[in-house]
Amino acid sequence: MPELPEVESIAARLRSGNAQSPPLLGARILSARVFWQRSVAEPPAEIFVQRLQGQTICEIRRRGKFLVCELEGLTLLVHLRMSGDLWMEPSSQPVAAHCRVALSLDSGYRLTFHDPRKFGRMWLLEDPERVLGELGPEPFDPGLTSEAFFEKLSSVRRRLKSLLLDQRFLAGLGNIYTDEALHCAGLHPLTLSAQVSPSQAERLLACIRAVLAEGIRRSGASIDWVYRGGDFQNYFRVYRRTGLPCPTCGAPIRRILLGQRGTHFCPQCQVLPS
DNA sequence: CACGAGACCTGTTCGC
DNA sequence: TGCGAACAGGTCTCGT
C-alpha cells in the first residue's frame, strides 16, 4: 500500500490521535508480542520484545516510506511495504486476524501492525541511519532544487519510471504517485533520464511535489481492502484507469508492464522521444 | 551499469 | 457456481 502520503497520514494520526483513540506519541510500551517472526527484521524477535518493554515513544516522524519512532535511546522503524497498516485499538479488543506485531500501551490501547501479505518489516536500532542512510533525498527537501534534480537525472541513464521508484534516488514515491507525476509532467515512463531537459526536470519535480501534496491533503489513497483512510483514489488521473479517457486530452489510458509493475500513461500526452 | 525474472505472501477480482 | 489466472501500494537478490 503505502507510499509517502499514506505513511505521512498514518504518522500524523499516531502523533495526535483522533476521536476514537489516544495518540501513540507519549505512550509507554507495557509489552510487545510478535505473531510472525519475519515481520521483525532486526534484532531477533525475542530481543526486540525485551528491549521494547518499558520504552516511551518520544517522537514520531516519516522518512521516505519509513515510519520512524524515537524511543529512549532506541529507534523503531516500520516499513509497511504492500499491505501493512498501523492503528490503535483498545487492548480489550481481540487481536485482529492479520496482526503481525502488537504493542500494548499504558493508555489502555494497543498499537497493531496489521499486514496480510507479511511483506512489512520492523527494526529496533540504536543507529537508524544504518537503514535510513541508504535513502535518497526527501521530495520536499528545499535543498533539492530543480538544478540539482536535473543534475541527478543526467548523471544516470535509466527509464524515468524505474528511476523514480528507486528509493536511493528519491525517497517516498511508489507506483501510484510515480505514474501520476509522470502524467502531470507529460513525460513517457520509458523516457531515459539523461534525455530530460532542464525545463522538463523542473516541471517533473514540481509535479512530483504537487501530486504528493495532493495525496497528503486527501490523507492518502485507499484501494481494495488495504488501508482505509484517504480518498485520493477518487482523483487518480491515470493510475488503474486503463482504457478510461485521459482527463487532459480524452485519449484512452494505456497500461504496460515495466519491471513487473503495472504502468499507466496517456499515449497522447506522454510521448516517448525517439 | 541497467534490466528482467523470481522470491517473499495473502486476498480479491476477473474470465471462462 | 467453481476454479484457475491475474493482479495488488514494495524491495531484495540473482543472472544477463
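Chain letters run A, B, ... following the sequence lines, proteins first, then strands; residues in each count from 1. The shown structure was predicted, so the numbers you read here are calculated from the model rather than taken from an experiment.
In this structure, the CG atom of A:Leu4 is 12 Å from the P atom of C:dG10, given to the nearest Å. Rounded to an integer number of Å, the gap from CH2 of A:Trp123 to P of C:dT11 is 9 Å. Between A:Arg261 atom CZ and C:dC12 atom C1' there is a gap of 13 Å when expressed in whole angstrom units. Rounding to whole angstrom units, CG of residue A:Asp85 and C1' of C:dG10 are separated by 15 Å. Rounding to whole angstrom units, CZ of residue A:Phe113 and P of B:dC9 are separated by 13 Å. Atom-to-atom, CG of A:Asp115 to C1' of C:dG9 comes out at 12 Å; the value is rounded to the nearest Å. Here C:dG9 presents its C1' atom at 15 Å from CZ of A:Phe66, a figure rounded to the nearest Å. Between A:Leu164 atom CG and C:dG9 atom C1' there is a gap of 16 Å when expressed in whole angstrom units.
Side-chain rings of A:His183 and A:Phe265 stay apart, their centers remaining 6.0 Å or farther from each other. Aromatic pair A:Phe66/A:Trp123: centroids less than 6.0 angstrom apart. Less than 6.0 angstrom separates the ring centroid of A:Phe232 from the ring centroid of A:Tyr177.
Contacts of A:Phe149 classified as ring-ring contact (aromatic ring centres under 6.0 Å, His included), with partners at least two apart in sequence or in another chain: none. A:Cys207 is linked by a disulfide bond (SG atoms under 2.5 Å apart) to A:Cys184, counting only residues two or more places apart in sequence or in another chain. Every residue two or more places apart in sequence or in another chain that forms a side-chain hydrogen bond (donor to acceptor under 3.5 Å, both in side chains) with A:Glu138 is listed here: A:Arg62, A:Arg63. Qualifying side-chain hydrogen bond (donor to acceptor under 3.5 Å, both in side chains) partners for A:Arg218, counting only residues two or more places apart in sequence or in other chains: A:Glu214. Partners of A:Phe150 under the side chain to side chain contact (heavy atoms under 4.5 Å, CB included) rule, at least two apart in sequence or in another chain, are A:Ser154, A:Pro198, A:Ala201. Not a single side-chain hydrogen bond (donor to acceptor under 3.5 Å, both in side chains) links A:Ser107 to another residue, sequence neighbours left out. Taking the side-chain hydrogen bond (donor to acceptor under 3.5 Å, both in side chains) definition, one finds that A:Trp87 meets it with A:Glu89, sequence neighbours left out.
In terms of heavy atoms, A:Leu144 sits closest to A:Leu170 at CD2-CD1, 3.7 Å.
For B:dG11, the OP1/OP2 oxygens have a side-chain nitrogen or oxygen of A:His98 closer than 4.0 Å. Phosphate contact (OP1/OP2 of C:dG10, side-chain N/O of A:Lys65, threshold under 4.0 Å): present. An OP1 or OP2 oxygen of C:dT11 is reached within less than 4.0 angstrom by a side-chain nitrogen or oxygen of A:His79. Residue A:Gln167 places no side-chain N or O under 4.0 Å from the OP1 or OP2 atom of C:dG10.
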Below 3.5 Å between N/O atoms, which protein atoms pair up with nucleotides 1-8 of chain B? Just atom names and distances, please.
from: B:dA2; atom 1: OP1; to: A:Arg157; atom 2: N; distance (Å): 2.9
from: B:dC3; atom 1: OP1; to: A:Arg159; atom 2: N; distance (Å): 3.1
from: B:dC3; atom 1: OP2; to: A:Arg158; atom 2: NE; distance (Å): 3.0
from: B:dC3; atom 1: O3'; to: A:Arg159; atom 2: NH1; distance (Å): 3.2
from: B:dG4; atom 1: OP1; to: A:Arg159; atom 2: NH1; distance (Å): 2.7
from: B:dG4; atom 1: OP2; to: A:Arg159; atom 2: NH1; distance (Å): 3.4
from: B:dA5; atom 1: OP2; to: A:Gln260; atom 2: OE1; distance (Å): 3.0
from: B:dC8; atom 1: O3'; to: A:Arg38; atom 2: NH1; distance (Å): 3.3

Review item, nucleotides 13-16 of chain B N/O atoms under 3.5 Å of protein N/O:
none

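The closest side-chain donor-acceptor pair between A:Thr75 and A:Glu70 falls under 3.5 angstrom. Donor-acceptor pairing under 3.5 Å is recorded for the side chains of A:His264 and A:Asp179. Side-chain contact of A:Thr263 with A:Lys161: a donor-acceptor pair under 3.5 Å is present, judged by distance alone.
A side-chain donor-acceptor contact under 3.5 Å links A:Ser193 to the backbone of A:Val156.
The A:Arg255 side chain lies nearest to C:dA8 when the options are B:dC9, C:dG10, C:dA8.
Within residues 232-242 of chain A, the residues that have a heavy atom under 4.0 Å from DNA chain C are, in order of number, A:Tyr239, A:Arg240. A heavy atom lying under 4.0 Å from DNA chain B marks none of the residues of residues 126-140 of chain A.
Comparing the C1' positions of C:dG9 and B:dA2 gives a spacing of 24 Å, expressed to the nearest Å. When the P atom is compared between C:dA6 and B:dG6, the two are found 13 Å apart, to the nearest whole Å. Taking the P atom of each, B:dA5 and C:dA8 are spaced 15 Å apart, rounded to whole Å. Distance noted for atom P between B:dC9 and C:dG4: 23 Å (whole Å).
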In dot-bracket form, how is DNA chain C paired, counting a Watson-Crick or G-U wobble pair only if both its distances are under 3.5 Å and using | for bases paired to another strand? .|||||||.|||||||

Let me see the working for A:Arg121 and A:Asp115 under salt bridge (Lys or Arg N to Asp or Glu O under 4.0 Å), right down to the final yes or no. CA-CA 9 Å; A:Arg121 293 289 180 269; A:Asp115 185 23; 5.6 Å; no

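Counting non-hydrogen atoms of other residues, nucleotides and ligands closer than 6.0 Å to CZ of A:Arg209 gives a total above 12.
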